[in-house]
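Data first, discussion second: the structure below is written as structure tokens.
Whatever order the structure lists them in is the order used to number ligands and atoms, beginning at 1.
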Amino acid sequence: MPVIAVIGGQWGDEAKGKLVDLLAEQAKLVVRFSGGDNAGHTVINPFGEFKLHLIPSGIFYPQVKCIISNGVVINPAVLIDEIAKLNERGVTTDNLFISDRANLVMPYHLLLDGLEEEARGGKAIGTTRKGIGPAFTDKVARLGIRVGDLLDKEVLLERLRFALNYKNAILTKVYGAEPLSLDGIYQQYCQYGERLAPYICETTIILEEAVSRDDLILLEGAQGTLLDPDFGTYPYTTSSSPLAAGGCLGTGLGPTQIDRILGVFKAYSTRVGEGPLPTELKDKTGDLIRERAHEYGTTTGRPRRCGWFDAVAARFSTRINGFTDAAITRLDILDTLPSLKICVGYELGGKRINYFPASVAALEKCQPVYEELPGWQSPTTDIREPKDLPSEARQYLNRLEELIACPISLVAVGAKREQIIELRPLP
Ligand code: IMO
Ligand code: MG
């Protein structure tokens with residue numbers, strides 16, 4: 001049984017949670033490896049509808065161990081609330097394990113995320129304001145406080161005193177804000193530590209054991225490839241790597257240990273927050289997609305920007321992740337459209353280009369070059385077999401497969417677990 005990484009191929013919200021919930025039925029381990037509670041993974045299954053931000057989407061299967069690994073930044077208040085809400089609805093979290101190496105989101109990270117965004121003015125990134133950027137900044141600056149520090153109150157106090165001195169200077173001297181109280185945060189984080197202690201452990205051993213038993217392991221990506229700080233639309237990106245490679249650093253698995261990499265793409269494009277979206281539709285079709293698909297942020301409620309499928313961006317995504325399989329989700333949203341466009345190139349300064357430019361300034365000037373395909377104009381939500389797909393839908397998927405340069409294994413035609421068409425076996 002392989003290790004499969006489930007990776008967002010676009011700008012996030014590709015329905016990674018739905019696929020992980022589905023694939024986890026056969027898995028022994030599901031690991032969230034990057035991001036934080038900026039992620040919003042919607043899962044609809046026999047337990048009901050859930051919006052998960054930190055807990056892996058495998059949590060609904062008691063036989064599946066779920067790990068929040070070192071690469072995630074954890075806001076303990078959000079995690080404790082998520083655990084409580086699952087438990088209230090009859091979902092056990094006895095199978096949850098939290099890496100002692102994961103960094104914590106602290107109250108000053110939340111404040112600074114807001115203050116930094118306001119200071120950027122018209123150049124704001126449109127972050128989720130969950131403190132994610134400031135928490136990853138501190139991790140790299142070696143000012144972070146880690147989950148394991150919660151287990152030793154002396155260490156916690158020492159780390160917090162050191163960090164807070166510095167953070168209070170920034171809050172008061174740079175932003176003219178009020179300083180935060182050491183004692184208040186310390187007491188609060190001691191309580192969080194007591195609540196989370198049963199879950200905290202060395203998670204690489206659990207992974208190693210599962211690998212050696214040849215168990216099916218899923219790495220649950222958060223965000224999407226084009227929000228990667230190296231390869232995405234920098235600076236309009238998030239602060240940790242959503243790429244498959246991030247699944248190695250974020251868990252402690254070696255690069256040779258990931259067997260399959262499933263790139264998840266919506267059948268169209270969406271983006272929430274600022275930054276370029278070359279195929280954005282600011283017209284009735286964009287509104288229609290948004291309303292049919294209820295494209296509003298799971299974490300912030302913001303309306304998502306919608307557009308046609310961008311195959312230039314998707315091809316780039318395959319290249320930098322090494323996708324072995326693709327999943328196309330939300331195909332049913334396109335069911336009513338008379339014709340569909342796919343972006344197959346850009347026009348930049350009078351020239352045709354076929355690559356995804358590094359520079360946001362260039363991307364903003366890119367005009368999409370479209371190919372137009374006929375729509376199928378019939379419902380796909382009840383289809384389970386590839387042969388039952390309308391020929392136009394088949395044609396659309398075949399063209400996407402060619403352009404993405406990766407075989408499509410799964411097609412989702414609705415939010416429910418069973419609304420899936422399997423084209424190739426996975427795993
Ligand atoms: P899932 O896992 C979509 C976006 C934010 C903003 C940028 C930076 O549900 O796919 P951050 O708070 O991370 O500093 O914000 O990244 N963003 C997401 N967009 N889906 C997500 O997660 C996102 N997580 C962050 O909107 O543009
Ligand atoms: Mg989401």
Q) Ignoring hydrogens and geometry, is there a side-chain-to-backbone donor-acceptor pair from D215 to E209 under 3.5 Å? A) no
Q. When you check the gap from the basic side-chain N to the acidic O, do R399 and E371 get nearer than 4.0 Å?
A. yes
Q) Does any N or O atom in G40 lie less than 3.5 angstrom from one in ligand 1, N or O only? A) yes
Q. Under a heavy-atom criterion of less than 4.0 Å, does S239 contact ligand 1?
A. no
Q.
Quick one: does any side-chain atom of D310 pair with a main-chain N or O of V312 as donor and acceptor, under 3.5 Å?
A. yes
(Q) Polar contacts were defined as any N/O atom of the residue lying under 3.5 Å from an N/O atom of the ligand; does this apply to D113 and ligand 1? (A) no
Q: May I ask you to decide if R32's main-chain N or O and S69's side chain share a donor-acceptor pair within less than 3.5 Å?
A: yes
Q | A222-ligand 1 polar pair, N/O distance under 3.5 Å | A | no
Q) What is the number of protein N/O/S atoms located under 2.8 Å from the Mg ion (ligand 2)? A) 2
Q: Give a yes/no verdict on whether any heavy atom in K130 is under 4.0 Å from an atom of ligand 1.
A: no
Q. How would you list all residue pairs meeting salt bridge (charged side-chain N to carboxylate O under 4.0 Å, His left out) that involve residues 246-275, not counting sequence neighbours?
A. R260-D325, K266-E295
Q: Identify, for atom 4 (C) of ligand 1, the protein heavy atom at the shortest distance, and state residue, atom and that distance.
A: L227 CD1, 3.9 Å
Q.
Is there a polar contact between ligand 1 and E14, counting only N or O atoms under 3.5 Å apart?
A. no
Q) Relative to the heavy atoms of T237, which atoms of ligand 1 are at a distance of less than 4.0 Å? A) 7 (C), 8 (C)
Q | Region of H41 engaging ligand 1 - heavy atom pairs below 4.0 Å | A | side chain
Q: Answer yes or no: does an N/O atom from T128 fall short of 3.5 Å to an N/O atom of ligand 1?
A: yes
**Q.** Six-ring centre of Y296, R304 cation under 6.0 angstrom, axis tolerance 45°
**A.** no
Q.
Please check: side-chain N/O of E280 versus main-chain N/O of R305, any donor-acceptor pairing under 3.5 Å?
A. no
(Q) Suppose the criterion is salt bridge (charged side-chain N to carboxylate O under 4.0 Å, His left out): which pairs have a residue in residues 406-420, not counting sequence neighbours? (A) D21-R417
Q) Counting both backbone and side chain atoms, is some N or O of E274 under 3.5 Å from an N or O of ligand 1? A) no
Q) Heavy-atom contact under 4.0 Å between T300 and ligand 1? A) no
Q) Quick check: does any side chain N or O of R292 sit under 3.5 Å from a backbone N or O of D287, one acting as donor and the other as acceptor? A) no
Q) Does ligand 1 have an atom that lies less than 4.0 angstrom from a heavy atom of R302? A) yes
Q. Donor-acceptor pair, T298 side chain versus H41 backbone, under 3.5 Å?
A. no
Q.
Side chain or backbone, does D13 bring an N or O within less than 3.5 Å of an N or O on ligand 1?
A. yes
Q) Applying a 4.0 Å heavy-atom criterion (strictly less than), which segment of Y236 is in contact with ligand 1: side chain, backbone, both, or neither? A) neither
Q. Of the choices T270, T127, T233, which has the non-hydrogen atom that lies closest to atom 11 (P) of ligand 1?
A. T127
(Q) In this structure, does ligand 1 have an atom that sits under 4.0 Å from one of the heavy atoms of G126? (A) yes
Q) Is there a heavy atom in T298 that sits closer than 4.0 Å to ligand 1? A) no
Q: Run the ring-centre check on F265 versus F323 and record whether the distance is less than 6.0 Å.
A: yes
(Q) Exactly one of R101, K139, R159 should register a side chain to side chain contact (heavy atoms under 4.5 Å, CB included) with R146. Which one does? (A) R101
Q | Enumerated ligand 1 atoms positioned under 4.0 Å from heavy atoms of W11 | A | 3 (C), 19 (N)
Q. Who pairs with Y355 by ring pair (Phe, Tyr, Trp, His ring centres under 6.0 Å), at least two apart in sequence or on another chain?
A. none
Q.
Taking only non-hydrogen atoms of K16, do any sit less than 4.0 angstrom from ligand 1?
A. yes
